[in-house]
Amino acid sequence: QVQLVESGGGLVQAGGSLRLSCAASVSIFSFNAMGWYRQAPGKQRELVALLIRRGTTTYADSVKGRFTISRDNAKNTLYLQMNSLKPEDTAVYYCYVRGVNDYWGQGTQVTVSS
């Protein structure tokens, strides 16, 4: 069973930065894809950023140029660096890993104030 532990969420002012971390209980080297989703109250969950095995990344248009997804294989950890945060970035952020099965973190709250 793969477990994902997220950290780094919090309350920040617009224009500020946060870095989310997702630590996996097993090696992430062979996973097919890893990413971050978010869900705001009353809205559907949306893909924020995705990193596939070959290193290709994709981002939602709303975060492109502001967010960066990366991983540290030695630490079995996935990151999401979030810069120039906006109030509309407020949501619960979920770590996602795709292997034999899909695995999800518990979610971490990010709140951006005006």
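The shown structure was predicted, so the numbers you read here are calculated from the model rather than taken from an experiment.
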Shortest non-hydrogen contact between [X] and [Y], atoms and distance:
{"X": "Ala91", "Y": "Ala40", "result": "CB-N, 3.8 Å"}
{"X": "Thr77", "Y": "Lys75", "result": "OG1-O, 2.8 Å"}
{"X": "Leu80", "Y": "Ala49", "result": "CD1-CB, 4.2 Å"}
{"X": "Pro87", "Y": "Ser114", "result": "CG-OG, 3.5 Å"}

query = Relative to the ring of Trp104, is the ring of Tyr94 parallel (under 30°), tilted (30 to 60°) or perpendicular (over 60°)?
reply = perpendicular

task = Name the orientation class of the two ring planes belonging to Tyr37 and Tyr96 (parallel below 30°, tilted from 30 to 60°, perpendicular beyond 60°).
result = perpendicular

Quick check: is [Y] connected to [X] through a chain of hydrophobic side chains (ILVMFWY, heavy atoms under 4.5 Å apart)?
{"X": "Val48", "Y": "Val12", "value": "yes"}
{"X": "Val2", "Y": "Leu78", "value": "yes"}
{"X": "Leu4", "Y": "Leu50", "value": "no"}
{"X": "Leu51", "Y": "Val26", "value": "yes"}

query = Does the distance from a Lys or Arg side-chain N to an Asp or Glu carboxylate O, for Asp89 and Lys86, drop under 4.0 Å?
reply = no

ask   = Around Arg71, counting heavy atoms of other residues, nucleotides and ligands shown, do more than 12 lie under 6.0 Å from its CZ?
value = yes

ask   = Is Arg53 atom CZ crowded by more than 12 heavy atoms from other residues, nucleotides or ligands, each under 6.0 Å away?
value = no

Please report the interatomic distance [atom1]([X]) to [atom2]([Y]), rounded to the nearest 0.5 Å.
{"X": "Thr68", "Y": "Met82", "atom1": "OG1", "atom2": "CE", "result": "11.0 Å"}
{"X": "Arg98", "Y": "Asn32", "atom1": "CZ", "atom2": "CG", "result": "6.5 Å"}
{"X": "Ser27", "Y": "Asn76", "atom1": "OG", "atom2": "CG", "result": "5.0 Å"}

key: Sidechain-backbone polar pair: Tyr59 side chain, Ile69 backbone, donor-acceptor under 3.5 Å   = yes

key: Side-chain (Thr90) to main-chain (Val112) donor-acceptor, under 3.5 angstrom   = yes

query = Less than 4.5 Å apart, any side-chain heavy atom of Tyr79 and any of Cys22?
reply = no

query = Got Leu20 and Phe67 here, is their nearest side-chain heavy-atom distance under 4.5 Å?
reply = no

task = Would you mind telling me which of Gln109, Glu6, Arg38 makes a side chain to side chain donor-acceptor pair (under 3.5 Å) with Tyr93?
result = Arg38

